[in-house]
Number of protein chains: 2
Amino acid sequence: MKVEGSEVDRRLEKFKRAAKRAGFKLTHQRLEISREVASSLEHPDADAIFRAVQRRMPTVALDTVYRTLRMLDELGLVTTLGTRRESARFDANLGHHHHYICVRCGMARDFESSAFNALRIPAAAKSFGSVVATHVEIRGICGRCETKFARQSTPRKPNRPRGRHRRKT
Amino acid sequence: MKVEGSEVDRRLEKFKRAAKRAGFKLTHQRLEISREVASSLEHPDADAIFRAVQRRMPTVALDTVYRTLRMLDELGLVTTLGTRRESARFDANLGHHHHYICVRCGMARDFESSAFNALRIPAAAKSFGSVVATHVEIRGICGRCETKFARQSTPRKPNRPRGRHRRKT
DNA sequence: CTGACTGCAAACCCTTTGCAGACCG
DNA sequence: CGGTCTGCAAAGGGTTTGCAGTCAG
């Protein structure tokens, strides 16, 4: 299953413009990887993209795929599914609830809403299969980050919480 | 910020009952780790739980925390935040859209819904900070999995997609 | 041409696993 | 006491990084 051709082209053009504007070179690898991402409906992971691109460009390396995806992500040209990639986080609240997530610091909090609990599932979603649960995720900038970074411009992406979890070594 | 004491106790009792019923021994470590998870509102990750428990029980090891969390997860006593832990997945669809995710195989698909786009944010959520985006995640079992596993009982948890992404080695 | 980019390999982080001793029931 | 569980250390899987050669502009 693929994204319609004209839409792929539109996305690719946007990619090219944004990359050029940001001073990135338009290498073959980047174009092929971008095309693959732009044309997939399946929310592929880096390895899937790697394998697909490799078919057309056998010398490409997995880390180039990662680097390109990161570039696209930082330019705001793709998003990543689910909460940002970090360690798994646990939730002992088993009631039906929803989440507020700060895109800056990753802070997550539960909240309840009977309106959200009662959401009617659109037919488009039902067509994929049965429904077990629905859950609303609200992303924003939490109060603490808002005051802390008041004068920085809003970033496209949360600052990566890389290396936040120190180990005692 | 902590969960109210009586609620913590209630959760802990539930944990104990479930663990005992499933034939797990109630060791000090498991109880302390469970208590920590049950009393946190912050959706901690394994390392945060480890550090907290370590204060009261300096000999505890990080892997025991992981093992206990996995136990709680498998007993259905906690959930994990966001999509299941696996590799990062990318999405080139930048329009406002929502996701259907199969809890069996991890399949993810976009769908659109103007009703979902128009959701009114509850005050409870606004109190955490500003809102950038809201996104509905519908979890279910996709058509393919439904036919494939028609006679298996519904699992509490998706089958871990561990090692699904083969490398060519 | 020249700095940015790639491929390679090694490092890193989070998580899991094999093993021998410790402890619950 | 016996089998489960813990702590330790090492392995695993995904992702990132340092380096030297390569290529876009």
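First the proteins, then the strands, lettered A, B, ... as listed; each starts at 1.
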Do any N or O atoms of the protein come closer than 3.5 Å to N or O atoms of nucleotides 9-11 of chain D, and which pairs are they?
none

Whole angstrom value for the distance that separates [atom2] of [N] from [atom1] of [X]:
X       : N      : atom1 : atom2 : answer
A/Met71 : D/dT15 : CE    : C1'   : 17 Å
B/Leu69 : C/dC14 : CG    : C1'   : 13 Å
B/Gln54 : D/dT6  : CD    : C1'   : 15 Å
B/Phe50 : D/dG7  : CZ    : P     : 9 Å
B/Asp45 : C/dT15 : CG    : P     : 7 Å
A/Tyr66 : D/dT17 : OH    : P     : 13 Å
B/Arg67 : C/dC19 : CZ    : P     : 13 Å
B/Asp47 : C/dC12 : CG    : P     : 17 Å

_A/Arg70 side chain, from C-beta outward: closest of D/dT17, C/dT15, D/dT6_ =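 Out of D/dT17, C/dT15, D/dT6, the nucleotide with an atom closest to A/Arg70's side chain is D/dT17.
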
Between the protein and nucleotides 22-25 of chain D, list every N/O to N/O distance that falls short of 3.5 Å.
{"residue": "D/dA24", "atom": "N3", "partner": "A/Lys25", "partner atom": "NZ", "Å": "3.4"}
{"residue": "D/dG25", "atom": "OP1", "partner": "A/Leu26", "partner atom": "N", "Å": "3.2"}

_Donor-acceptor under 3.5 Å (B/Arg11 side chain, B/Ala38 main chain)_ =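 Yes, B/Arg11 side chain to B/Ala38 backbone: donor-acceptor pair under 3.5 Å.
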
*So, the side chain of A/Tyr100 versus the backbone of B/Ser127: is there a donor-acceptor pair under 3.5 Å, distance only?*
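Judged by distance alone, no pair lies under 3.5 Å.
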
For the residue pair [X] and [Y], establish whether any side-chain heavy-atom pair is separated by less than 4.5 Å.
X        : Y        : answer
B/His99  : A/His43  : yes
B/Glu4   : B/Val8   : no
B/Ile141 : A/Val131 : no
A/Ile138 : A/Phe116 : yes
B/Asp91  : A/Val78  : no

*Establish, with yes or no, whether the OP1 or OP2 oxygen of C/dG7 is under 4.0 angstrom from a side-chain nitrogen or oxygen of A/Thr59.*
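Result: yes.
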
*Compare side-chain N and O positions of B/Gln29 against OP1 and OP2 of C/dC24 and report whether any pair is under 4.0 Å apart.*
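False: B/Gln29 side-chain N/O out of range (4.0 Å or more) of C/dC24 OP1/OP2.
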
*asked:* Could you work out how much the helix from C/dC1-D/dG25 to C/dG25-D/dC1 bends, comparing the axis of its first five pairs with that of its last five, to 10°?
replied: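 What I find for the helix from C/dC1-D/dG25 to C/dG25-D/dC1 is an axis angle of 40°.
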
*Quick one: which residue pairs count as a side-chain hydrogen bond (donor to acceptor under 3.5 Å, both in side chains) with a foot in residues 31-42 of chain B, not counting sequence neighbours?*
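side-chain hydrogen bond (donor to acceptor under 3.5 Å, both in side chains) check on residues 31-42 of chain B returns B/Lys2-B/Glu36, B/Glu32-B/Arg56, B/Glu36-B/Arg56.
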
*Applying side-chain contact (heavy atoms from CB on, under 4.5 Å), name anything that partners B/Lys16, two or more places apart in sequence or on another chain.*
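Once residues adjacent in sequence are excluded, the partners of B/Lys16 under the side-chain contact (heavy atoms from CB on, under 4.5 Å) criterion are B/Glu13, B/Leu26, B/Leu31.
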
*Could I get the full list of side-chain contact (heavy atoms from CB on, under 4.5 Å) partners for A/Arg30, not counting sequence neighbours?*
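Residues passing side-chain contact (heavy atoms from CB on, under 4.5 Å) with A/Arg30: A/Phe24, A/Lys25, A/Thr27, A/Thr68, A/Met71.
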
*Is a side-chain donor-acceptor pair under 3.5 Å present for A/Asp110 with A/His98?*
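Result is no, nothing qualifies.
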
